[in-house]
Novice: 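Can you read through this structure? Questions will come right after.
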Amino acid sequence: MVTLDDDATRITERRFARMQPFGGRGPAPVDQRSLPPGPRWPMILQSIGLLRFRHQFVLWLHRRYGDVFTVRILGGRPLVLFTRPEHAKEIFAGDPEIFHAGKGNSILGPIMGQHSLLLQDSVEHKRARKLLMPAFNGHALREYQSLVAELAREEVGRWQSGSDFRSLERMNALTLEVILRVVFGVSDEARLAQLRPCVNATVDVSPAVLLGWGYPWLQRFGPWKRTVANQYALDRLMYAEIRERREATDLAERTDVLSRLMLVGAEEGDALDDTELRDQLVTLLLAGHETTASALSWALYEIGRSPELLARTQTAVDEGDDVWLDAVLKESMRLHPIIPMVVRTLMKPATIGGVDLPAGATVGPSIIVSHQRSESHPDPEVFRPERFLGQNPPTNTWIPFGGGVRRCIGAGFSLMEGVAVLREVFSRYAVAAVGDDVPKVRNITSVPRDGARIRVTARH
Ligand code: HEM
């Protein structure tokens, strides 16, 4: 007899067998001489610069080579980075048939799966995006709010007054719980207990493990072996949840993302199947968990560094002023971008900012440099939430969520979640930053190196 677990195992095997090489299939690598200026160092050094010292490196490249420069990285396509708002506008508005985003994310394929919104391009991306969008519109976000607030209250309620800790760790635990409960919609304690370690191991996967995926024999050893075993375990749990949910009689009343995704497209005969649902859920987990946690921990740290900002935030919370909390989050995403750049691979030659670029090049706005331009953000090194009060910075100067048809689908979700969490924290505690912190690269995202340590003291 074929069991549900056998089915899940077979689907996972097929996913592994279908993996594409890093960089994705696409136009051949380009003639390097035709690209904008950039360092002539060996690729290994440029890769280290970008991966290890990202923040200092791109700002230095901008000072040295100007508004458009090229970085060459090992195993990847040459990367042409743009830094002016009008460049970002051109890239975001670029024809999605020419400006492909999925190729640049292909390293995540073994984990996210081929149907992942992040990995698709062209008509497949358009279809998936259309099916996912309703679960992230304003109406849906309002329905997620109360559970997010409840989970935040439970987390914050466990903190000891007078203690200090790495806020990133607590925010990671909280945003993971939000994904499990609000996005996956799991409420069964036994299933949650099984899912947590698998989901933790999934988000912990390192680029080295993913880069080694091209060599299947590696999967018999150490971290590769553990990653494969974890993927099988995670998929078994995910498919069990998906199939049980399909049987639920209260699907239409449920307010989690998975239940919404199950209903969408059914009337037109274009619903997401089980494999598609699994791939999109793992994508939302990987895209939405640590990003939001990192933004939140920077926000706590920055408010904790200034008694004036702390007082202003506590007053805002007491008066129910969410606009200020929203501004705090946006400013922390500006000063500490979580994702360093947005990338597109050119399927045909294109001209950006007057620069002719060949097919096969990867292009993108540098979020780090865009957020540090003083003509867009005066005194760019200063944390000042007022920039976002009653106004927005000029278009394409604040781009933490990318833009165009690929703009982060979870942008509204993460701001809603962030405001709910800040409200819970500051209504109960005074927060003080402990020590100084700086960004460090963790996989694709940047996080506070010391975890944004804070000390909390009960207010009442
Ligand atoms: C502070 C939090 C977050 C940041 C900084 C962030 C940033 C980004 C960026 C820069 C992109 C690429 C956009 C582009 O290519 O133009 C992206 C895409 C995406 N994000 Fe987020 N994100 C965050 C939270 C979330 C959350 C909470 C979710 C879901 C629950 C999510 C799901 C996604 C998905 C599915 C995509 C792919 C969209 C597509 O290709 O159509 N993100 N995000």
Side-chain angles (χ1 to χ4, degrees), residues 88-89 91-94 96 99-106 108 112-113 115-122 124-133 135-136 140-141 144 148 168 171-172 174-176 178-185 203 256-258 260-261 279-299 326 328-345 362-368 370-371 396 398-421 444-447:
K89 182 178 174 206
I91 296 170
F92 293 150
F99 289 70
H100 275 196
K103 306 263 169 315
N105 299 325
S106 63
L108 297 164
M112 288 186 175
H115 304 292
S116 162
L117 188 65
L118 264 166
L119 267 69
Q120 287 176 326
D121 281 304
S122 195
E124 287 86 17
H125 175 262
K126 206 169 164 190
R127 169 183 171 262
R129 181 101 190 178
K130 190 170 146 231
L131 292 171
L132 262 68
M133 277 305 273
F136 292 94
L141 294 183
Y144 304 143
V148 172
L168 179 64
M171 291 300 114
N172 263 327
L174 174 55
T175 56
L176 198 64
V178 169
I179 298 275
L180 290 174
R181 303 280 305 275
V182 183
V183 177
F184 294 6
V203 297
D256 56 89
V257 174
L258 171 59
R260 286 173 197 276
L261 294 184
D279 289 359
Q280 302 304 3
L281 288 183
V282 175
T283 301
L284 297 175
L285 161 71
L286 286 171
H289 147 68
E290 196 168 60
T291 43
T292 310
S294 186
L296 266 165
S297 62
W298 278 123
D326 185 73
V328 165
L329 275 171
K330 287 178 172 162
E331 173 66 345
S332 71
M333 290 180 196
R334 181 199 66 81
L335 186 57
H336 304 289
I338 313 298
I339 311 267
M341 66 190 89
V342 180
V343 287
R344 310 280 186 257
T345 299
T362 294
V363 301
S366 162
I367 301 180
I368 294 175
S370 302
H371 287 189
N396 294 311
W398 182 76
I399 50 170
F401 297 112
V405 294
R406 307 295 301 225
R407 184 171 189 266
C408 175
I409 203 169
F413 189 102
S414 74
L415 289 169
M416 172 277 292
E417 180 177 358
V419 167
V421 174
I444 294 159
T445 54
S446 298
V447 299

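We number each residue from 1, following the sequence as shown. Just so you know, ligand 1 is whichever comes first in the structure, and atom 1 is the first atom listed for that ligand. Below, each value reflects all heavy atoms present in this structure, side chains not excepted, and no hydrogens, waters or symmetry copies.
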Novice: Output, in order, the C-alpha distance, side-chain angles, deciding distance and verdict of side-chain contact (heavy atoms from CB on, under 4.5 Å) for Arg344 and Thr362.
Specialist: CA-CA 6 Å; Arg344 310 280 186 257; Thr362 294; over 6 Å; no
Novice: Taking all non-hydrogen atoms of both residues, which atom of Ser414 and which atom of Thr292 are closest, and how far apart?
Specialist: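 Looking at all heavy atoms of both residues, the closest pair is CB-OG1, 3.5 Å.
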Novice: Any heavy-atom pair between the side chains of Ile339 and Thr445 that's under 4.5 Å?
Specialist: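 Yes. Closest side-chain heavy atoms under 4.5 Å.
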Novice: If the plane angle is over 60° it's perpendicular, under 30° parallel, otherwise tilted; pick one for Phe413 and Tyr144.
Specialist: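 Rings of Phe413 and Tyr144: tilted, 30 to 60°.
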Novice: Test Val203 against every option in Ile179, Asn172, Leu285 by the side-chain contact (heavy atoms from CB on, under 4.5 Å) rule and name the one that passes.
Specialist: Leu285
Novice: Using the test ring-ring contact (aromatic ring centres under 6.0 Å, His included), find all partners of Phe99 that sit at least two apart in sequence or belong to another chain.
Specialist: none
Novice: Please tabulate, line by line, the atom pairs linking an N/O of ligand 1 to a protein N/O at a distance below 3.5 Å, with the distance in Å to 0.1, or answer 'none'.
Specialist:
unit_1: ligand 1; atom_1: 15 (O); unit_2: Arg344; atom_2: NH1; d: 2.8
unit_1: ligand 1; atom_1: 15 (O); unit_2: Arg344; atom_2: NH2; d: 3.4
unit_1: ligand 1; atom_1: 16 (O); unit_2: Arg344; atom_2: NH2; d: 2.8
unit_1: ligand 1; atom_1: 16 (O); unit_2: Gly403; atom_2: N; d: 3.1
unit_1: ligand 1; atom_1: 16 (O); unit_2: Gly403; atom_2: O; d: 3.4
unit_1: ligand 1; atom_1: 40 (O); unit_2: Arg406; atom_2: NE; d: 2.9
unit_1: ligand 1; atom_1: 40 (O); unit_2: Arg406; atom_2: NH2; d: 3.1
unit_1: ligand 1; atom_1: 41 (O); unit_2: His125; atom_2: NE2; d: 2.7
unit_1: ligand 1; atom_1: 41 (O); unit_2: Arg129; atom_2: NH1; d: 2.7

